[in-house]
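Before any comments, here is the structure.
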Amino acid sequence: MKFYSTNNPENFVSLKEAVIKGLAPDQGLYMPERVPVMPAEFFQELPFMSFQEMGVEIIRALFKEDLTETQIQVLVAHTLSFPAPLVQVEEGVYSLELFHGPTLAFKDFGARFCSKLMSMLMAKEERLVRVLVATSGDTGSAVANGFYKVPGVEVIILYPKGKVSKLQEKQFTTLGENIHCLEVDGVFDDCQRMVKQAFLDEELNQKMLLTSANSINIARWIPQCLYYFHAWAQLPDKEKKLAVSVPSGNFGNIGAGILAERMGLPIDIFVASTNVNKVVPEFLDSGIFEPMPSLATISNSMDVGNPSNFYRLLDLYGNDEAKLKSKMVGYYFSDEETAEALRKVNTTTGYLMDPHGAVGYLGLKNFLEGKEAEFQGIFLETAHPGKFQSTVEEVLQESIQLPERLQAFLTKEVKSESMGNDFEEFKEYLLAR
Ligand SMILES: *Cc1c(COP(=O)(O)O)cnc(C)c1O
């Protein structure tokens, strides 16, 4: 499979180059040269396949020219090493739980695939590989966990000071070893800008081998399509139309859902659900894409004002805006609405969502209203509620149980360095390493 940049569809690079570069030199996003459509027999067998069996079929369809059969098997086994159950919350409303991985958020899927694939592609590389990551919370822990103690790799994580939950911060800043953390005096968009600029900086790129593990990287982005197939496989009713609601920030996750749809998965409508960082819902309404400074909310992993995967959505529909709008609706919600939904669903059904999942639930319910006879819906539950313990406890007015995996981090010491939001300071830091 070759990859082109959304800014230049004529210029192709190999899988290795796309993964190492992360972002194309023209600042575009890499896209697969073609999207393989899975045959009808695949969908007939899908309900009877295990998560890993299905994963191997999809990854083989995408990467059979680039990886050996053994590499594909190893990669998929490493990535899909925990379940993604579909849980019924209400009649016709399902939660796809993507938080059963080591850091309890869906980013574990992409991060595990990415770290494994990078080590396969870089096996012969002699230089130290530096992975730069900007995080609004969950990317940091997933990537840190994926690369922790991987030989020949150093990870540098930038996160906005005071804007990630304490627990999230503890999950990546306490590891040490080859994981280095910078607490940036700014917002997530500053972190993202600094990382992007580093990749475009000639001097830095001459002196060191830099790569990104952000959701812009195809090695993070593409594997996320897998659990959409698995969700459909678990649906009891395969006849009724299907809406899938994705709580979105950088729009990588929902973009991977569209990739699955383009590969033949029968999803009728995508619901882009956001908090007040509503750039994409507004675009779907007005046709104008206008990035804005990000605003802080209780669903902080989605506090993104300039969603970096946006152009992938358009590209997947041949840059046809009308086509995109016919397959996607968008809604946004305030913190009050999110908290209310979290509380109400918990009281009426006993199901506990995290604030991000609650945004996804709200988007789905908004879309389904009046269409329940025709549609069923899935919302993606992107993180374990325990990751947002203080918010969830405040909303419910009661304490919640923290998973053991999270508790273990609480007593550990944060090891991070402070940094301004100026690129030159970051560059100095890198050059001094
Ligand atoms: C990262 C994240 C999101 C947003 O996903 P995108 O792919 O950036 O749209 C949603 N929920 C949680 C819990 C996250 O960590």
Side-chain angles (χ1 to χ4, degrees), residues 29 84 95-111 113-114 133-145 157 159-160 163-165 167-169 171-172 188-189 191-192 213-218 220-225 227-228 244-260 270-275 277-281 294 297-313 328 330 332-333 338 342 353-363 379-389 391-392 406:
L29 301 158
S95 164
L96 180 66
E97 295 187 345
L98 300 174
F99 55 73
H100 295 280
T103 73
L104 303 128
F106 81 95
K107 290 189 176 75
D108 280 326
F109 288 103
F113 187 91
C114 179
V133 195
T135 183
S136 58
D138 294 324
T139 295
S141 51
V143 170
N145 189 281
I157 300 175
Y159 68 102
K163 306 246 170 10
V164 307
S165 84
L167 251 170
Q168 285 179 318
E169 184 183 23
Q171 278 188 297
F172 56 92
F188 169 72
D189 297 308
C191 302
Q192 184 151 275
N214 266 106
S215 64
I216 48 174
N217 195 308
I218 49 157
R220 281 272 317 277
W221 179 63
I222 289 179
Q224 299 177 142
C225 76
Y227 43 72
Y228 288 87
V244 176
S245 172
V246 186
S248 296
N250 251 326
F251 281 74
N253 199 0
I254 198 168
I258 297 173
L259 177 64
F270 286 95
V271 183
S273 303
T274 73
N275 56 32
N277 294 284
K278 55 184 194 287
V279 171
V280 173
S294 47
T297 74
I298 58 167
S299 48
N300 64 283
S301 298
M302 314 199 297
D303 295 349
V304 181
N306 187 6
S308 50
N309 284 290
F310 174 73
Y311 289 101
R312 279 198 163 122
L313 311 185
M328 188 182 281
Y332 64 91
F333 303 94
T338 306
L342 205 159
M353 306 182 290
D354 93 294
H356 304 79
V359 169
Y361 169 85
L362 277 172
F379 66 95
L380 272 48
E381 179 42 300
T382 46
H384 190 288
K387 275 197 109 157
F388 304 93
Q389 186 186 26
T391 302
V392 173
L406 277 180

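When a ligand or atom number is given, it counts from 1 through the structure's own listing order. Note that the structure is predicted; figures quoted are calculated from it, not measured.
Counting atoms of ligand 1 from 1 in the listed order, those under 4.0 Å from a heavy atom of Ser248 are 9 (O). Of all atoms in ligand 1, listed by their number and element, those nearer than 4.0 Å to a heavy atom of Met302 are 10 (C). Near Ala383, the atoms of ligand 1 lying under 4.0 angstrom from a non-hydrogen atom of the residue are 13 (C). Near Phe251, meaning under 4.0 Å from one of its heavy atoms, ligand 1 places the atoms 6 (P), 8 (O), 9 (O). Taking every non-hydrogen atom of Thr382 and a distance limit under 4.0 Å, the qualifying atoms of ligand 1 come out as 10 (C), 11 (N), 12 (C), 13 (C). Within the listing of ligand 1, atoms 6 (P), 7 (O), 9 (O) sit less than 4.0 angstrom from a heavy atom of Gly252. Near Asp138, meaning under 4.0 Å from one of its heavy atoms, ligand 1 places the atoms 12 (C), 13 (C), 14 (C), 15 (O).
Counting protein heavy atoms only, atom 4 (C) of ligand 1 is closest to Gly249 N, 3.6 Å. Protein heavy atom in closest approach to atom 5 (O) of ligand 1: Phe106 CZ, 3.4 Å. Remark: minimum distance from atom 10 (C) of ligand 1 to any protein heavy atom is reached at Pro247 O, 3.5 Å. Looking only at protein heavy atoms, the nearest one to atom 8 (O) of ligand 1 is Asn250 N, 2.8 Å.
The closest side-chain donor-acceptor pair between Asn145 and Thr103, if any, does not fall under 3.5 angstrom. Looking only at atom types and distance, the side chain of Gln168 has no donor-acceptor partner in the side chain of Thr135 under 3.5 Å away. Between the side chains of Ser294 and Asn277, no donor-acceptor pair of N or O atoms lies under 3.5 Å.
With a heavy-atom cut-off of 4.0 Å, Lys107 touches ligand 1 through its side chain alone. Neither the backbone nor the side chain of Ala105 has a heavy atom within less than 4.0 Å of ligand 1.
Proximity of the aromatic rings of Phe310 and Phe251 is defined here by a centroid distance below 6.0 angstrom, and this criterion is not met.
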Open item on the list: Using side-chain contact (heavy atoms from CB on, under 4.5 Å), reason through Asn275 and Asp303 one step at a time and then give a plain yes or no.
Closed with: CA-CA 8 Å; Asn275 56 32; Asp303 295 349; 2.9 Å; yes
Where do Arg312 and Ile258 land on the side-chain contact (heavy atoms from CB on, under 4.5 Å) test, with the steps shown first? CA-CA 9 Å; Arg312 279 198 163 122; Ile258 297 173; over 6 Å; no
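Ala134 is linked by a side chain to side chain contact (heavy atoms under 4.5 Å, CB included) to Phe188, Cys191, Gln192, Val195, Asn214, counting only residues two or more places apart in sequence or in another chain.
In terms of polar-atom proximity, Asn253 is counted as a contact of ligand 1, with an N or O under 3.5 Å from an N or O of the ligand. In terms of N/O distances under 3.5 Å, ligand 1 is not approached by His356.
With respect to Leu104, the side-chain contact (heavy atoms from CB on, under 4.5 Å) criterion is satisfied by exactly one of Asp138, Leu167, Leu406: Leu406.
Ring geometry for Phe99 versus His384: interplanar angle over 60°, hence perpendicular rather than tilted (30 to 60°).
Thr382 places no side-chain N or O within donor-acceptor distance of the main-chain N or O of Leu380, the cut-off being under 3.5 Å.
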